[in-house]
Structure formats: structure tokens, C-alpha cells
Amino acid sequence: MSSDRYPFLEIESKWQRIWEQRRQFQVSEDPSRPKFYCLEMFPYPSGRIHMGHVRVYAIGDVLARFKWMRGYNVLHPMGWDAFGLPAENAAIEHGVHPAIWTYENIDYMRAQLKKMGLSYDWSREVTTCEPSYYKWEQLIFIKMLERGLAYRRRSTVNWCPSCQTVLANEQVEDGRCWRCASEVTPREIEGWFFKITAYAEELLAWCDRLPGWPERVMTMQRNWIGKSEGAEFDLPVAGRPGLAVRVFTTRPDTVFGMTYAVLAPEHPLVDRLVADDRERAAVEAFRAEVARQSEIERTAADRPKRGLRLGARVVNPFTGAEIPLFIADYVLMGYGTGAIMAVPGEDQRDWDFARANGLPIIETVQRPPGWTGEAYTGDGIKINSGFLDGLTVAEAKRRAVEWLVERGLGEAKVNYRLRDWGISRQRYWGAPIPVLYCERCGMVPEKEENLPVVLPRDVQISGKGGSPLAEVASFVNAPCPACGGRARRETDTMDTFVESSWYFLRYCSPHYEGGMFEPRAAEYWMPVDQYIGGIEHAVLHLLYARFYTKVLRDLGLTKVDEPFQALLSQGMVIKDGAKMSKSRGNVVDPDDLIRTFGADTARLFSLFAAPPEKDLEWNDHGVEGCSRFLNRVWRLVLGRLDEIRSALATAAPSTAEGRAFRRTIHETIARVTHDIEREFHFNTAVSAIMELVNALQAFDQASTDRMPAGERAALLREGVETLLRLLAPFCPHITEELWERLGHSGSLFRAPWPEPDPGALVREAVELVVQVDGKVRGRVTVGVDAPEEEVRRRALADDRVRAWAPADRVARVVVVPNRLVNIVTRR
RNA sequence: GCGAGAGUGGCGAAACUGGCAAACGCACUGGACUUAGGAUCCAGUGGGCGAAAGCCCUUGGGGGUUCAACUCCCCCCUCUCGCACCA
């Protein structure tokens with residue numbers, strides 16, 4: 001089975017060694033050359049790489065090597081997102097220290113990646129759990145603290161009972177922990193936040209200015225930021241001067257349709273509004289009922305809305321009318337003011353609630369004719385709305401806000417769904433938050449010269465809850481940086497998404513000791529020209545990194561507004577229709593794959609089987625096909641080695657057959673270049689290369705006697721050398737080896753990417769399809785750009801065409817130059 | 001419910017700004033070479049009718065625009081992903 005295969009194991013390790021010895025992919029800033037920063041999302045060192053890694057790194061490597069060959073100075077780094085919970089869980093389960101577990105995994109996975117033959121500058125490897133790395137984010141934390149961008153507050157947060165820590169909003173999916181899928185529960189806790197909301201508007205605005213990002217991701221980010229424009233104003237409580245319910249609405253035009261108002265159950269005003277013990281008891285019972293529902297139940301679709309009518313009433317300032325006031329579970333304390341005016345005529349939720357509770361419904365927008373729906377949210381002319389009558393919705397919104405502002409009752413207001421990023425984690429394996437709590441001075445940041453605050457190694461990790469750091473006296477007890485008195489260190493660590501929010505900057509100067517990164521290096525390399533990673537980070541890492549970059553910019557550290565120029569979000573690797581997972585037993589192990597078929601085959605298949613943004617269905621037979629293809633290339637080149645080596649470098653064919661073959665070569669160059677550069681359609685680029693191999697083989701077999709030997713050899717050489725160069729980014733080992741065996745001394749990756757020769761692309765003649773009434777009935781061969789009259793005459797002269805379209809029935813002839821002729825007939 | 005994307009052979013997929021649907025690969029069938037082959041090479045392979053030449057049909061369904069529609073427009077169906085009481 002293996003005797004006919006090319007010796008991929010030897011060849012691959014040989015070239016991996018040579019590239020490393022030559023430091024082939026080490027780069028430095030070189031202003032004389034255009035730069036290209038190619039980055040794939042760095043992995044978490046979970047233990048072993050999986051097929052998803054193989055795919056994403058193969059995609060990045062094709063791009064990086066392609067850019068190398070096109071003359072770019074390519075930064076292509078790799079590192080480790082090394083802090084995180086699995087390390088700590090491993091410690092709890094197996095008693096191994098998180099650091100040891102992490103570094104062992106890194107060593108293993110680095111070796112695996114090296115076996116893939118990836119063009120990384122390994123001298124820039126970054127590991128985020130090292131003090132020399134997180135030192136700088138501690139420094140930035142202090143600077144953010146000074147500017148109010150980092151702050152501490154008590155709040156209700158998402159608590160994962162299994163991970164024993166707080167989660168950011170972005171890390172909760174369907175009410176469950178993004179990592180372990182446990183149901184999260186609300187918990188009142190003191191914690192640290194980054195003020196990402198201060199950048200909501202800018203993050204949103206730039207969503208329209210990143211054309212290199214997939215629309216899908218931008219839409220998810222826009223929705224996540226969730227900007228809504230409207231008005232905020234007071235509804236005075238009837239008979240309680242000085243007390244008012246502040247409401248937010250995006251539809252100030254509908255104020256005349258307000259028939260009741262609603263507070264969130266936990267709204268602080270509720271306690272002041274209850275009239276007596278009986279009402280208080282009812283409120284408490286209602287609150288308890290709401291609290292019993294889990295997050296998942298609360299957000300389930302079509303949940304009936306439940307509410308409790310309070311004795312207090314509020315006044316609609318526009319009409320002076322007193323309306324009832326409720327607390328209800330469909331109003332959330334966390335958004336807007338935690339209170340709404342209810343307009344059942346124009347809001348479906350209010351409509352549902354009004355119907356269930358027998359409340360009146362007033363329509364304030366003229367329905368379109370034939371309207372049969374319930375609440376109407378479309379555009380139209382205002383009715384039943386006092387001074388707003390006759391206006392459009394947009395005009396009425398403006399006028400209503402003016403009215404509020406003139407009377408000092410309210411104002412225009414923009415709300416965002418985005419919340420500040422909770423970064424405190426009550427866990428050990430993360431970067432310490434560099435602040436202390438002094439008995440006299442209160443909260444005090446660590447002095448810059450004392451950074452890094454190093455995470456101690458010697459801890460007891462029990463998993464019992466609470467940060468294990470709290471038990472380490474030598475860590476916790478430290479002098480106050482302000483007064484020198486007794487202080488206790490913060491024992492929360494930072495969310496690991498903080499490390500990944502700036503690693504791409506660290507790669508620019510990974511050994512720089514004067515700061516986060518060397519400004520000149522970052523100015524040269526940033527932004528990342530092409531970022532590649534999974535869609536699962538659409539509102540996690542990709543939003544945090546954008547935010548953090550803007551913070552660094554505003555601290556004067558970088559000039560870039562956005563970290564990632566372009567984003568390619570690759571699909572999953574699936575097998576038998578489902579994501580690969582141990583429990584399904586459909587996992588393909590990259591080690592096995594590389595051992596059996598070699599890295600070039602593994603790379604080729606993962607690039608060929610599907611376009612990068614789509615899911616890739618793994619198919620063992622398909623892998624064998626790719627292996628077969630590489631063996632064919634191997635035999636093709638070695639079988640003609642002497643002939644090719646003796647040939648002239650370029651061919652000037654004297655025969656039509658030779659010219660046709662040379663045209664195929666150069667058309668392939670154009671196709672492959674276009675597919676890689678413009679579209680990232682590596683699958684079609686590979687198929688074009690396969691077609692070239694087929695053409696080479698056909699030429700090799702057919703041309704032996706019919707062509708001068710020198711011409712044949714020169715064409716074979718041009719074909720084979722072009723093939724190797726086009727295939728090089730995909731399968732770097734076999735192509736380097738064959739390139740060397742052809743007698744080249746330098747690396748293939750120092751050879752320029754081929755350019756199509758315009759002269760070779762010229763055709764003398766083209767075959768046109770002749771259609772009659774849109775159906776193909778014949779073909780004619782004419783000169784390129786033949787005059788329309790001639791094309792028409794030749795098409796009509798074709799025997800078969802005449803049978804379908806006799807001269808007397810021809811109504812019209814459409815000629816598309818160099819493509820086809822369509823003859824339209826009268827019936 | 002809202003938003004985004006997608007529906008093409010037995011399978012993964014191609015088809016540039018409307019111009020030969022199914023490139024390339026897998027699988028399958030037949031043949032060659034072989035002691036043998038699951039290696040390699042050659043031929044075939046969307047469906048139907050036909051001995052063949054050829055004819056008809058076919059890109060989720062239905063309409064439309066056009067000389068010409070996988071591609072553009074309208075309606076409908078299905079699937080995937082994201083958001084989901086955000087006022």
C-alpha cells in the first residue's frame with residue numbers, strides 16, 4: 001500500500017528542519033517592502049490540536065506563503081492563549097499544577113503545529129500566562145483605572161455554579177455558560193468592569209467602515225451593541241408630589257396611546273409606592289415568583305406576560321390623564337430606566353399584556369387599508385394624538401421630544417444594549433488584578449515599578465469556590481502602595497479575554513521590555529491585514545479586541561483605530577453531518593492523518609474540500625484522493641527530471657499544440673492568483689492546479705513525436721515549474737523538494753510568484769456555441785474578435801443549425817462576441 | 001417573531017459583470033497492465049427515450065423579465081446560524 005507513495009515523512013521533516021535552520025520565516029521591519037500581517041486566532045493549549053486547527057492554520061499558511069512569494073514582508077506569528085479554566089480543572093482532577101499542565105500542552109501542540117509545516121516566525125512566540133506578558137495589561141489596567149475606564153462596583157452578575165466564577169454577558173449563551181453549558185444564575189457580587197459602553201458609539205460606527213469583515217459578523221456586533229434612539233421622560237405619580245416614574249421609549253410619537261405604565265419588579269421605586277402591608281406582601285410574592293424562574297425560562301419564546309397592578313397611578317404629561325401602574329415580568333431592570341409607558345396600539349408586548357388584563361387600546365397611527373394584525377409598528381399618519389395628529393411617525397417623534405424639552409419634562413436619549421465588560425474572575429489561573437485594599441487608604445493601585453504582580457505558583461487548588469489566591473498569605477498581604485501600611489491584594493484575576501485583546505500587538509515586538517510593544521514596530525506592522533478565525537468569537541474576542549485597541553489608541557500607545565483590517569471567518573470541520581466530538585466518535589486525529597498521508601495531503605484536503613467560510617465535511621476517501629494527486633505530481637516530475645533539467649527556461653512554441661498548452665499554463669496562473677487573492681477560494685485554486693496536472697500529463701503523453709524535442713522539453717519545464725510554484729503555498733514540502741531536484745539552489749519561497757504572460761494568453765480562434773431559440777444546436781470556430789457579420793454568416797451556414805432554423809424562419813440573430821450566437825426563429 | 005445566509009448529480013462542490021449547468025475531486029462501472037492489487041493507466045458516469053445519430057427533461061416549488069436565468073424581480077416551501085420580552 002505504501003510502496004508507491006512518495007516519501008513524505010522524510011521530505012516533510014527535512015524541509016521543516018531546513019526552514020528552521022535558515023530562519024526562513026523570521027522577519028523584521030523593512031520599510032522598503034510592503035508589509036502583510038497575516039494572523040490566525042491563537043489556540044488555547046488544551047492538549048492536542050484538532051481538525052479545526054488544521055483547517056484554520058492551513059488557510060492562514062496559504063495566504064502567508066502566497067504573500068511571501070508576491071514579495072511582501074509577511075508577519076505570520078503564533079502563540080498561546082495560556083490562561084484559563086481548563087488548566088485549573090485539570091489541577092483539581094489530576095492534581096497537576098495549572099502551569100505544568102499548560103506548558104506541557106504547549107510543548108506538545110507546538111510540535112504538532114511544526115509537523116504541519118506552517119510558515120511561522122517562531123522567534124515571536126507569545127505565551128500569555130508569562131509575567132513578562134501580563135505585566136503590560138496590568139499597567140494598562142492601572143491607566144484605565146485612572147481614566148475611569150476600569151471600575152469596581154457591586155452588581156447582579158452571571159454566575160456559573162460549575163466554573164465557580166462570574167461570566168461577562170458575552171460569555172452567556174441561551175442562559176448557559178459558554179464554556180461548560182451550566183445554567184447561569186444571577187448573583188450580587190462586587191467586581192471589576194471595563195467601560196466598553198463608553199465606546200459603544202464608536203464601535204458601532206466602525207461597523208460600517210470595515211468592508212473586509214463578513215456582513216454576518218458586523219450584523220451580530222451591531223445587534224449586540226443594540227443602539228436605540230428615543231426619549232426619556234417622567235410620569236408623575238398621582239397625588240405624590242416629587243415622585244415620578246422615569247420611562248424610556250423609542251416611540252415618543254405614541255404618547256397619546258399610553259394606557260398604562262409598567263415598572264420592572266425589582267425597580268427601587270416600587271418599595272416607596274406600596275401603600276400598605278397587604279400590597280407589600282403582594283409585591284413580595286410576585287417578586288418571588290419572578291425570581292423562581294430561571295434565566296432560561298425568563299427568555300423562552302412566547303412566555304405569557306405576568307403582572308401585578310399597584311394601587312398607585314401615574315399621570316400622562318401629554319394628556320393629564322391618570323393611568324394605572326403595574327409591575328410586570330416583561331419589563332427588565334437592566335435596560336433603559338427599568339420602566340416603560342405602555343402603548344398597546346403600537347407595541348405587540350403591550351398589546352398582549354393589555355388584552356390579558358382588560359386594559360384599553362388606543363390606536364395612534366392610521367392603519368394601512370386591510371390591516372388585520374394586532375399592534376401596528378409600521379409607518380403612517382398620526383391619529384388620536386392631539387397636536388401630533390396628521391404628522392408622520394418620524395415628524396411626530398421629533399415634535400414630541402421638542403414638547404418634552406420645552407417643558408423640562410424629558411429629553412432625547414440614546415440607549416445601548418451593550419453592558420460594561422465584567423472582567424473579574426474568582427479563579428486562580430489568570431492575570432492578577434493589580435490593586436490593593438488598604439485599611440486606611442481604601443482601594444489603591446499597585447505602583448508601576450512594582451509590576452508585574454506575579455501570580456504565585458504555590459497554591460492549593462481545591463475547586464471549593466472562592467479564589468484560591470485568598471489562601472496565599474504571601475500574596476495577599478502586602479504593603480499599601482500609598483501609605484505603606486497593611487493592605488490586602490485583590491484576589492480576583494482578569495478574564496482571559498483581556499490577554500487575547502492585545503496579543504496581536506505584542507507579536508510586533510514580543511521581546512520588548514520597555515512597554516506593551518515597541519511603538520515603531522507596531523506602527524510598521526499594524527493593523528492585522530488578514531485575520532482568520534471561527535465565527536464563535538463574533539461578539540466575544542472580536543468585540544473586546546476592537547474595544548481594547550481603541551483604549552490603547554486613546555492612551556496614545558497606537559495609532560490604529562481598528563486592529564483587524566479584514567476578517568475571514570472559517571466554517572467548522574464536521575464529519576457524518578455533525579461537529580467532530582469524542583462523544584460522537586467521529587473525531588479525526590491530525591497526528592494519525594499526518595503520519596498516514598503527510599502534512600501536505602492534510603493541508604491540501606482541508607483547503608480543497610470546501611471554500612473556507614463554509615463547513616467542511618471530512619471524507620477519508622477525499623483525503624486519499626488528495627494523496628493520490630500529490631503522488632501523481634511526484635511521479636510526473638521525477639519521471640521527466642532529466643528532460644526538464646536539460647531544457648531551456650522559457651518556451652516559444654512553434655506548433656499550435658505547443659501554443660495551446662502554454663496558454664493552459666498561463667491561464668492557470670491567472671486563475672489561481674485570482675482565486676487566492678480576490679476570493680480566498682482555495683478550493684477552486686486547487687482544482688485549477690489539478691487541471692494543470694491533467695493537462696501536463698496529456699501533453700507529456702501526446703507530444704512525444706509531434707514536436708521538436710527542445711520545444712517539448714522547454715514546455716514541460718515551464719509547465720512543471722509553474723505547477724510547483726502555484727502549488728507551493730498549499731503543499732510546501734513536496735514542492736520544495738521537487739524544486740530542489742529540478743536543480744534550483746534557493747528556496748521555492750524566495751522564487752517569485754508567476755505572472756501570466758499576456759502573449760501566451762492570446763487565442764487565435766475561439767469556438768462559439770450556436771443556439772437556436774436558446775438551445776445549443778451547433779458550434780463554429782472563428783477568429784478571435786471576428787466581425788459580427790462573419791460570425792452570423794458562419795453560424796447560419798452550419799448544417800445542423802440550418803435544419804433547426806431555415807433561412808425564412810430566422811427572426812433575429814444575437815451575437816455575443818467570442819461567446820455565442822443565438823438565433824431566434826418565428827414559429 | 002426579527003435579522004443574516006443557504007437550497008445545484010449518489011457525495012464534497014464549480015459556473016467571472018445573465019451567455020454551453022455539473023469544472024475539479026470522491027464514489028461507482030467497464031477495460032488495460034499485472035502472480036496479485038485496495039497501486040497505476042485508459043474509457044464511461046445528472047435523468048428519460050433510442051442500436052446510433054440525436055431528441056426531451058433537469059439548479060427547492062410557482063409565476064415573471066429577457067434572444068438567453070443557478071444568476072435579476074415577485075410569491076411560497078425547507079434548512080442553517082445569530083438575536084430574542086431591549087420598550
Side-chain angles (χ1 to χ4, degrees), chain A residues 1-5 173-174 214-224 226-228 230 247-251 254 262 264 298-305 328-332 334-343 346-350 352-353 415-418 535-536 538-539 571 604-605 608-611 613-626 628-629 631-632 635 671 674-675 678-679 681 683-691 693-694 697 701 767-777 779 800 811-816 818-825:
Chain A
M1 164 166 169
S2 62
S3 60
D4 289 281
R5 291 212 194 155
E173 295 166 354
D174 290 334
E215 193 49 44
R216 189 160 63 126
V217 176
M218 294 284 69
T219 304
M220 284 165 74
Q221 292 212 353
R222 279 192 204 100
N223 291 343
W224 189 260
K227 178 181 184 174
S228 51
V247 295
F248 172 73
T249 179
T250 55
R251 292 293 303 275
T254 62
V262 189
R298 275 191 73 132
T299 54
D302 304 331
R303 198 169 52 88
K305 296 163 180 43
D329 59 357
Y330 79 101
V331 173
L332 310 173
Y335 187 77
T337 59
I340 61 158
M341 66 168 198
V343 185
E346 276 84 34
D347 184 288
Q348 187 62 41
R349 295 157 299 182
D350 296 344
D352 294 339
F353 190 80
N415 262 319
Y416 298 92
R417 217 178 66 107
L418 183 70
I535 189 75
E536 66 272 17
V539 288
L604 188 66
F605 178 75
F608 173 60
E613 67 279 7
K614 282 187 71 170
D615 285 350
L616 183 153
E617 170 73 35
W618 198 261
N619 179 333
D620 293 337
H621 290 301
V623 178
E624 285 164 25
C626 287
R628 240 186 332 256
F629 168 74
N631 278 295
R632 198 150 65 229
R635 286 195 308 271
R671 283 170 68 189
H674 175 270
D675 286 353
R678 295 257 81 84
E679 321 269 357
H681 281 179
N683 56 329
T684 51
V686 171
S687 69
I689 295 169
M690 287 173 168
E691 284 179 67
V693 170
N694 294 344
Q697 251 168 351
Q701 280 157 27
E767 187 184 60
L768 301 189
V769 164
V770 183
Q771 298 180 330
V772 177
D773 294 323
K775 297 197 179 204
V776 179
R777 299 299 184 189
R779 285 157 202 279
R800 258 183 75 212
R812 191 176 155 193
V813 179
V814 180
V815 176
V816 183
N818 300 325
R819 265 191 200 276
L820 60 64
V821 180
N822 191 14
I823 298 162
V824 188
T825 64

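Chain identifiers are assigned alphabetically (A, B, ...) following the order of the sequence lines, protein sequences preceding nucleic acid strands; residue numbering begins at 1 within each chain.
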Requested in this report: Starting at the 5' end of nucleotides 43-57 of chain B, put B wherever the base has a protein heavy atom under 4.0 Å, S where only the sugar-phosphate does, and a dash everywhere else.
Outcome: ------------SSS

Requested in this report: Of all the heavy-atom pairs spanning A/Ala538 and A/Gln221, show the shortest one and how long it is.
Outcome: O-NE2, 2.8 Å

Report summary line: Any stem touching RNA chain B, meaning at least three consecutive Watson-Crick or G-U pairs under 3.5 Å, ordered by first number, would be B:1-7 with B:77-83, B:10-12 with B:24-26, B:28-32 with B:40-44, B:46-49 with B:54-57, B:60-64 with B:72-76

Report task. Can you label the angle between the A/Phe248 ring and the A/Tyr335 ring as parallel, tilted or perpendicular, going by 30° and 60°? Result -> perpendicular

Query raised in the report: Is the distance from OP1 or OP2 of B/C41 to the nearest side-chain N or O of A/Arg635 less than 4.0 Å?
Result: yes

Report summary line: A/Thr250 has its side chain closest, among B/A87, B/A27, B/G3, to B/A87

Query raised in the report: In terms of side-chain heavy atoms of A/Glu691, which of B/C67, B/A23, B/G3 is nearest?
Result: B/A23

Query raised in the report: At under 4.0 Å between heavy atoms, what does A/Phe608 touch on the DNA or RNA strands: base, sugar-phosphate, or nothing?
Result: base

Report task. Classify every nucleotide of nucleotides 14-19 of chain B by which part a protein heavy atom approaches to under 4.0 Å, writing B for the base, S for the sugar-phosphate alone and - for neither, in 5'-to-3' order. Result -> S-B--B

Query raised in the report: Out of B/C24, B/C20, B/A87, which nucleotide sits closest to the side chain of A/Asp347?
Result: B/A87

Report task. Between B/U40 and B/G54, how far apart are the P atoms? Round to whole Å, please. Result -> 34 Å

Query raised in the report: A/Arg632 side chain: which of B/C41, B/C83, B/A27 is closest?
Result: B/C41

Report task. Not counting sequence neighbours, which residues clear side-chain contact (heavy atoms from CB on, under 4.5 Å) with A/Arg632? List them please. Result -> A/Phe629, A/Arg635, A/Val693, A/Asn694, A/Gln697

**Report entry** A/Glu536: salt bridge (charged side-chain N to carboxylate O under 4.0 Å, His left out) partners, not counting sequence neighbours
**Finding:** none

Please enumerate all protein N or O atoms sitting under 3.5 Å from an N or O of nucleotides 79-81 of chain B, with distances to 0.1 Å.
none

Requested in this report: Let me know the distance between CZ of A/Arg222 and C1' of B/C83, rounded to the nearest Å.
Outcome: 14 Å

Query - Glycosidic conformation of B/G44, taking syn as within 90° of 0 and anti otherwise - result: anti

